[in-house]
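Accompanying notes for the structure given below.
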Amino acid sequence: MRVKVRVTGIIQGVGFRPFIYRMAVKNGLKGYVRNMGDAGVEILLEGEENAINNFLKCLKKEKPPLAQIHEIITTKLGGEYEYTDFRIVRSSEEAELSGSVIPPDVAICSECLRELRDKRNPRYNYFFITCTDCGPRFTVIECLPYDRENTTMRDFTMCSFCKSEYTDPLNRRFHAQTVACPKCGPKAYLTTSSGETLQCRDPIREAGKLVSEGFVVAVKGYGGFHVAASALKDDPLMRLRRVKHRRQKPFAIMARSLEAVKSFAEVTPKEAELLTSHMRPIVLIKKNADYYLSELVAPGLHNVGVMLPYTGLHYMLFDVVDDPAFVMTSANPPSQPIVKDDDEALKTLGNIVDYFLFHNRRIAHRCDDSVVRVHGERQVFIRRSRGYAPAPVMLHEKASKCVLALGGELNNTVCILDGNKAFISQHVGDVENVETREFVRNAAEHLAHLTNSKVDVVACDLHPKFTTTRLAHDLAVQNGWQLIQVQHHFAHIAALMAEHSVDEIVGVCCDGYGYGVNGEAWGGEIIFASRNSSEIKRVAHLEKQPMIGGDLATRYPLRMAAGILQKRLNVEDWLMQNKRFFPHGEGEVRLILQQLRKGLGVIETTSCGRVLDAVAAVLGLCYERTYEGEPAMKLESAAINGKDVLQLKPKIESDFLETTNLLLEIFEGRERHAVTDLAFSAHAYLAGGLAELAIEKALENGVKAVGFSGGAACNEILTKLMRETVEAAGLVFLVHEAVPPGDGGLSFGQAVYVGLFHF
Ligand code: ZN
Ligand code: ZN
Ligand code: FE
């Protein structure tokens, strides 16, 4: 019998062809296997019918650990036998199927790590040690199929030793495209901040020593540069904060080992599992009572973002020092994507760092680290990037159209929905300028190319002025695509529905800002969505509150608090007492008071984020938002050990939850109660009130599921309390598992809204 088998999925760059080779040989089959230009694999088999059937059975059952098979298409062929053996043949550029993709980057495997440490191994101490089970993928590939000459490894010609492993079917590096050794592969070197090479025998360990001593070193990794600094010393961190204009934003750290993490944080088994997974994300973990790292790592927060080394180079950084961890923050100039090229690094980081640890392998695509946290046993994505992108989120049904969704403005990603697979790009970041606009465009093009998708529709936010909205318009015109704009919170809720495959939901969507269907500022919405009746609409929301000075109220939460409190009491004295927290002091306070009295030009918002901000300001936890979500995050940190001392009953007025009274009670409770208890009480009120409203709407509409989405769903206290109330009412409570609840999941929401749901 002769058959042709086409396989789609994540099957290039994961040792799939070697696996096919071994199975074919084992079953006595002849023919070939080859990579295709659409990221899929083609197999031709000649032999006994039994042997072929056995082969096909094993194909699914015994596939390599990193492989994901989406589809196997088998076609019987006629004709005579043509092959005398089975072999891996030259890849074909042919691209006929869509939906396959190359794998994400994979952290160094235990075998490679063992070899790195083995004196007798030719790759002993070699920082770029990889195999078919590990190493960079997404960040090295320039075009398909995944062959060495299509990756940035083509600059390195394999030596005879590497070649012998590469061509040996029994070797772990059989057809491993990133195979390299100290003789033929990438080299690491250390330079000064201006790029002069320093002569040293062991540049990586030297760099580790420099970091430990208090120097700041830029370290080139898989998907871009990190800035490394001591996590124990204040001086370098103070310096770093000053030059990076990052006064408060937490720095991620890389710990030398899991044991080291346990010395300063409370690691749950689920968190340990994530830390050591081959995705190696940054995990936000609760600081323990003995926390001894510098307070400047994650100021004012109860948790710290930790990751474990994921390359040979990272492991070696810690070899000659005893630091438990280093700060390893992604190197990006303000509002720019992460730096990936050497000259770009010298230009933009030269004034920030003392040294550079370079290697001479080019990075094809930028990719920031992923960030997750754990609520109880559940993983929540803060950022889904390295280790996850571009692996697809699998849906329960197929989309009628191929959709490219460009997301929103902050923490952005793009997404391609093709059939039942949603491919979400790496983290793109805030899209507000030319550089990031180009990053969005490149990420979209690359993703479309990798998946061989033929886009029909481009989706974007409803906001008329977002950079991504304008880009979507341009792309639609250039390519003749249909353009569909999707309301921000509708997209969040659609994402939740698609993830859980539910047809009806009442969704609570809380975040900082989204452009409402009425043009107003939304961010604390209850949304009813039904696929049965093809409708999605806002059914309730948080009370509208004034934003004194518009965006300034987002930056200075005292303004937000003043606007809310002024409705019931005179805030003049209080504001004057706090005038030092306004950049222009007393004059600014007077202006605010004037605006409050006149009520002119004050825009309003239903944002949950702004209410949390206001509470944080009233409690003295945060007066200026220096990074996205800062006041709300500090409020959660303050509340983590608190209790509900106020026990406020949610005040629901027809279709909104009152928040003025909440703020008033917090304000007046300051004399009697601890900050931590008041912070918790605010969470309890909002979670309880929103849940109550959602339950009411669910019962009214005969809906069984209540969901929670939006950036505020990263908040563990809100999520936990809301779940308790919703489940007590006998309803199902849904949260995000596969995509971020925040705006990193927005592009996915837009894509499924357009491609699956026809609201
Ligand atoms: Zn390996
Ligand atoms: Zn070699
Ligand atoms: Fe949002």
Side-chain angles (χ1 to χ4, degrees), residues 13-15 64-66 103 105-118 121-124 126 128-137 148 153 156-167 171-174 176-187 278 310-312 315 382 407-413 430 461-463 466 486-496 507-516 521-525 527 605-610 628-629 632 708-714 736 739-750:
V14 291
L66 297 174
D105 288 2
V106 182
I108 184 171
C109 71
S110 51
E111 258 313 277
C112 285
L113 191 55
R114 193 187 55 72
E115 289 176 352
L116 177 78
R117 302 307 195 191
D118 178 3
N121 193 286
R123 293 189 187 83
Y124 173 56
Y126 183 52
F128 190 66
I129 180 168
T130 65
C131 69
T132 29
D133 297 328
C134 75
R137 297 290 185 274
R148 184 133 165 152
M153 286 304 288
F156 306 93
T157 311
M158 273 181 238
C159 68
S160 56
F161 164 68
C162 287
K163 189 100 196 172
S164 71
E165 292 199 326
Y166 183 85
T167 49
N171 195 283
R172 199 169 92 254
R173 295 194 174 86
F174 184 42
Q177 308 302 346
T178 51
V179 66
C181 77
K183 243 200 292 179
C184 66
K187 311 242 180 317
H278 66 74
Y310 54 89
T311 70
Y315 277 99
I382 311 291
E409 183 166 61
L410 302 177
N411 273 313
N412 207 38
T413 57
D430 300 350
D461 196 73
L462 199 57
H463 198 298
F466 277 177
V486 183
Q487 200 281 326
H488 190 102
H489 305 96
F490 291 177
H492 277 309
I493 296 304
L496 204 48
V508 179
C509 193
C510 291
D511 56 14
Y513 169 76
Y515 187 89
W522 288 12
E525 318 305 316
I527 287 152
T605 179
T606 51
S607 166
C608 179
R610 295 297 86 80
E628 163 89 2
F708 186 27
S709 184
C714 295
H736 292 281
V739 306
D743 290 357
L746 200 65
S747 61
F748 170 79
Q750 293 170 346

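Owing to the predicted nature of the structure, the values given are computational and were not obtained by experimental measurement. Whatever order the structure lists them in is the order used to number ligands and atoms, beginning at 1.
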Could you check whether any side-chain N or O of R148 sits under 3.5 Å from a backbone N or O of F156, counting only pairs where one atom can act as donor and the other as acceptor? yes
Hey, is there an N, O or S on H489 sitting under 2.8 Å from the Fe ion (ligand 3)? no
Do the ring planes of H463 and F466 sit parallel (below 30°), tilted (30 to 60°) or perpendicular (above 60°)? parallel
Can any side-chain N or O of T413 pair as donor or acceptor with the backbone N or O of G744 at less than 3.5 Å? yes
When you measure from the side chain of T178 to the backbone of G135, do you find a donor-acceptor pair of N or O atoms at a distance under 3.5 Å? no
Closest D511 atom to the Fe ion (ligand 3) [N, O or S only]: OD2
Flag, side chain of E525 to backbone of V508, donor-acceptor distance under 3.5 Å: no
Working to 10°, measure the angle at the Zn ion (ligand 1) formed by atom SG of C109 and atom SG of C112. 110°
Can you tell me the N, O or S atom of D743 that's nearest the Fe ion (ligand 3)? OD1
To the nearest 10°, what's the angle at the Zn ion (ligand 2) between atoms SG (C184) and SG (C181)? 120°
Looking at H492, the N/O/S atom that lies nearest to the Fe ion (ligand 3) is called NE2
